[in-house]
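Residue numbers begin at 1 in each chain, while the letters A, B, ... track the order of the sequences. Just so it is clear, the structure is predicted and the values come from calculations on it, not from any experiment.
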There are 2 protein chains.
Amino acid sequence: MNLPIGELARRTGVKVPTIRFYEQIGLIAAPPRTEGNQRRYGRTEIDRLNFIRHARELGFEVDHIRELLAMSQEPQASCHQADSIAKAHLREVDRRIERLQALRGELSRMIDECGHGRICDCRIIEVLADHKQCASEHVA
Amino acid sequence: MNLPIGELARRTGVKVPTIRFYEQIGLIAAPPRTEGNQRRYGRTEIDRLNFIRHARELGFEVDHIRELLAMSQEPQASCHQADSIAKAHLREVDRRIERLQALRGELSRMIDECGHGRICDCRIIEVLADHKQCASEHVA
DNA sequence: TCTTGATCCTCTAGTGGCTAGAGATTCTAG
DNA sequence: CTAGAATCTCTAGCCACTAGAGGATCAAGA
């Protein structure tokens, strides 16, 4: 192993400055250095970064990830905490999906109704200008 | 009209500091002031802020909103641009929904699989650590 | 051994889209 | 006229990075 930071970045899909940033905020530990002061990483860090990247992609906040990581390091602890973090997160994800789907509907209606001509006939501008009644008698 | 900033905020649902911020970044024009240097707004600003707020709620970025606003000001122009901004945005929204739904599935599987015992039996950490095969032979 | 150029280092500052707070001034209702 | 609510400007903070300057180090080839 003994990977330089660039190689770790390549293998985990986390960018070099981001890895250093994660070290700075204590999300990953400071690794050993070469004589010339360069970081060298091992298996552990690949796993840990993959964990972090995946969790970030799933929308977990850094503080949650920190908790999860801490928990994963004392396997004798109860997983009740991890479970409830995940449940809270699931609720949040459901809320987001709901909101995005409503938004999706509105957006595609906007697009459908666009007159494809001049701005003055375009519902996109119109709809955005008027929240209360998003697609009704307004052309006049 | 001649509304003070707080009243404008109340009527548009955009917070006072945010209105000032929008002025600062040039999203809305600097309004006339009273002798005592306080901002006073009219109809125009109510409309414009409603437009902005609605577009932000729909997830449009400020730069996009800027373009849309500019377009709305020359009604003889083509709405092709507005249309394509909205379409690009719709695609982005679709991507987000997709990813959130994948996440949803993973989260609920994680929760189902959590043995409610010790961390070492809990898949939450595990599933997040390993993207490729999210729920297979890994307990060992 | 030397050189080259890719990679690495630290540090500061910037991003987006606000939000919070200090400390001073102005407005308005009673 | 006065009290207190609202306003003003300004700076700094938030999150999770990202960019760039200016310099050091590493690995491979000649």
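Under the 3.5 Å distance criterion, the side-chain polar atoms of E7(A) are left unmatched by any main-chain donor or acceptor of P4(A). The backbone N or O of I5(A) sits nowhere less than 3.5 Å from a side-chain atom of R10(A) that would complete a donor-acceptor pair. In this structure, T18(B) contributes its side chain and V14(B) its backbone to no donor-acceptor pair below 3.5 Å.
If you take CD1 on I28(A) and CG on L69(A), they are separated by 10.5 Å, rounding to the nearest 0.5 Å. One finds the CZ atom of F51(B) at 5.0 Å from the CG atom of L68(B) (value rounded to the nearest 0.5 Å). Considering CZ of R40(B) and CE of M1(B), their distance stands at 14.0 Å, rounded to 0.5 Å.
Taking a cutoff of 4.0 Å between a charged side-chain nitrogen and a carboxylate oxygen, R56(B) and E61(B) do not qualify as a salt bridge. Between R66(B) and D63(B) a salt bridge is recorded (basic side-chain N to carboxylate O distance below 4.0 Å).
Rounding to whole angstrom units, CD1 of residue I52(B) and C1' of dC18(C) are separated by 14 Å. Rounding to whole angstrom units, OH of residue Y41(A) and C1' of dC9(C) are separated by 12 Å. If you measure from atom CD of E61(B) to atom P of dT15(C), you get 15 Å, rounded to the nearest angstrom. Taking atom CG of N2(B) as the reference point, atom C1' of dT28(C) lies 15 Å away to the nearest angstrom.
Of the residues near DNA chain C, R56(B) and P4(A), the one whose nearest nucleotide (by heavy atom distance) lies more toward the 5' end is P4(A). Between Q38(B) and V62(B), it is V62(B) whose nearest contact on DNA chain C lies nearer the 5' terminus.
DNA chain D is contacted by R20(B), R33(B), N37(B) of residues 17-37 of chain B, taking any non-hydrogen atom closer than 4.0 Å.
Here the range on DNA chain D touched by chain A, meaning any atom under 4.0 Å from one of its heavy atoms, is dA16(D) to dC26(D).
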